[in-house]
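Read through the structure below, which is laid out as structure tokens, and then see the notes.
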Amino acid sequence: MASRVSLKSKGKGSGKGSKASTEEKSTAQSLKEWSTWAVKKAKVITHYGFIPLIIIIGMNSEPKPQLSQLLSPV
């Protein structure tokens with residue numbers, strides 16, 4: 001015999017006001033998904049943009065170094 005999954009909510013959420021709690025849950029879920037997406041994109045931007053940013057800042061400083069001087073380890 002297969003087990004059955006119940007879709008009924010348990011606790012105080014059943015009855016009056018269940019639509020409001022569903023809207024709150026969807027808003028909270030939407031906010032969570034958006035923040036997760038934003039953090040993932042920020043990680044990628046930081047990963048690929050940090051070194052070029054340092055090179056650009058270094059090239060705009062005084063005295064003006066050549067690109068080869070910025071990339072050399074000495």
Spacing of [X] atom [atom1] and [Y] atom [atom2] [to the nearest 0.5 Å]:
X: I55; Y: L67; atom1: CD1; atom2: CG; result: 6.5 Å
X: S61; Y: I56; atom1: OG; atom2: CD1; result: 12.5 Å
X: I45; Y: L53; atom1: CD1; atom2: CG; result: 12.5 Å
X: Q69; Y: K64; atom1: CD; atom2: NZ; result: 13.0 Å
X: T36; Y: L31; atom1: OG1; atom2: CG; result: 9.0 Å

So K40 and V44, side-chain contact (heavy atoms from CB on, under 4.5 Å) or not? Walk me through it.
CA-CA 7 Å; K40 285 182 180 179; V44 171; 5.9 Å; no
Is it true that atom CD of Q29 has more than 12 heavy atoms of other residues, nucleotides or ligands lying nearer than 6.0 Å?
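For Q29, atom CD is crowded (more than 12 foreign heavy atoms under 6.0 Å).
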What verdict does the side-chain contact (heavy atoms from CB on, under 4.5 Å) test give for K43 and K41, after you've listed the backbone C-alpha separation in whole Å, the side-chain angles of each residue and the deciding distance to 0.1 Å?
CA-CA 5 Å; K43 282 182 180 180; K41 296 298 179 186; over 6 Å; no
